[in-house]
Amino acid sequence: MKEKIKPYQIEIDPKWVVFINGFKANNLLGFVWLWLSLFSVIKTTRKAKGCRSAVPAIVSPIEVVMISYWNDNESLREFVISKYHKRYIRFVYQNSKALSLFNEMFEPKRSGLYFNKPMGMSKITKIKSHE
């Protein structure tokens, strides 16, 4: 008999910020920068003060998306003005056709549903309920 999957929810801190950003190489220069810089971007994001977790995802050989979870807007803002982030953005301004970028921010209002092992925000907080 199969084990029944039990979804669960988590406790949400109203100050949290979910930040989604993506990089897409538009030409060879962008492709080279993406793959030479990607691991540094991931490492510096994960080590940034206030970053609770960062999860990169390879969409294709020319595109990467990363979701990061932050304690609050101030923590994210501090990272955005850091020397590391400025170095990455400098490349974009100096090579404006090499990469396409996007970023989106969300302040979660309620828990999503999670199944089995913790993923996403469920890795950084307490389980609130089992259904």
Side-chain angles (χ1 to χ4, degrees):
M1 182 174 200
K2 285 188 177 181
E3 185 179 334
K4 186 177 178 182
I5 296 175
K6 296 177 183 174
Y8 59 95
Q9 293 184 310
I10 60 173
E11 295 179 9
I12 298 288
D13 184 325
K15 293 184 285 185
W16 285 348
V17 175
V18 179
F19 186 70
I20 303 170
N21 59 319
F23 313 86
K24 187 171 186 178
N26 295 329
N27 56 32
L28 183 58
L29 179 62
F31 179 83
V32 171
W33 182 91
L34 178 67
W35 289 103
L36 289 179
S37 302
L38 180 61
F39 296 103
S40 174
V41 170
I42 295 166
K43 182 179 175 181
T44 57
T45 302
R46 286 180 173 164
K47 287 186 171 190
K49 182 180 176 189
C51 180
R52 312 256 330 229
S53 178
V55 182
I58 298 170
V59 177
S60 75
I62 62 168
E63 187 174 8
V64 174
V65 172
M66 185 161 58
I67 303 170
S68 52
Y69 302 94
W70 297 82
N71 286 335
D72 50 38
N73 275 308
E74 187 59 34
S75 298
L76 178 56
R77 202 171 302 126
E78 285 180 29
F79 177 69
V80 167
I81 63 173
S82 72
K83 65 181 180 181
Y84 304 107
H85 189 265
K86 286 181 179 179
R87 186 175 67 212
Y88 306 137
I89 294 303
R90 187 177 312 121
F91 173 83
V92 174
Y93 282 110
Q94 292 173 346
N95 303 281
S96 61
K97 295 190 186 286
L99 289 172
S100 292
L101 302 175
F102 81 90
N103 64 66
E104 299 171 350
M105 287 182 5
F106 302 93
E107 294 175 350
K109 304 293 184 222
R110 61 185 178 90
S111 176
L113 280 179
Y114 300 89
F115 298 85
N116 296 321
K117 293 183 179 180
M119 295 179 68
M121 286 191 300
S122 70
K123 289 178 77 171
I124 63 172
T125 191
K126 296 177 184 175
I127 294 175
K128 182 169 80 175
S129 66
H130 274 38
E131 305 222 348

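Along the sequence shown, the residues carry numbers beginning at 1.
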Please check this pair: side chain of Tyr114 against backbone of Gly120, looking for a donor-acceptor N/O pair closer than 3.5 Å. no
With a 3.5 Å distance limit and no angle check, can you tell me whether Ser111 reaches the backbone of Ile10 through a side-chain donor-acceptor pair?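 A pair under 3.5 Å: yes.
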Which residues share a side chain to side chain donor-acceptor pair (under 3.5 Å) with Ser100, sequence neighbours left out: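 By the side chain to side chain donor-acceptor pair (under 3.5 Å) rule, Ser100 matches Asn26.
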Could you see if [X] belongs to whatever hydrophobic cluster contains [Y]? Use Ile, Leu, Val, Met, Phe, Trp, Tyr and a side-chain cutoff under 4.5 Å.
X      : Y     : value
Leu101 : Val64 : yes
Val92  : Trp33 : yes
Ile62  : Val65 : no
Tyr93  : Tyr84 : yes
Phe23  : Val18 : no

Qualifying residue, where the test is ring pair (Phe, Tyr, Trp, His ring centres under 6.0 Å) with Trp70 and the options are Trp16, Phe106, Phe79: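 Checked Trp16, Phe106, Phe79 against Trp70; only one passes ring pair (Phe, Tyr, Trp, His ring centres under 6.0 Å): Phe79.
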Side chains of [X] and [Y]: closer than 4.5 Å at any heavy-atom pair?
X      : Y     : answer
Arg46  : Pro56 : yes
Thr45  : Phe19 : no
Met105 : Asn73 : yes

Hey, can you tell me if Phe39 and Trp35 have their rings parallel, tilted or perpendicular (30° and 60° cut-offs)?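 Tilted.
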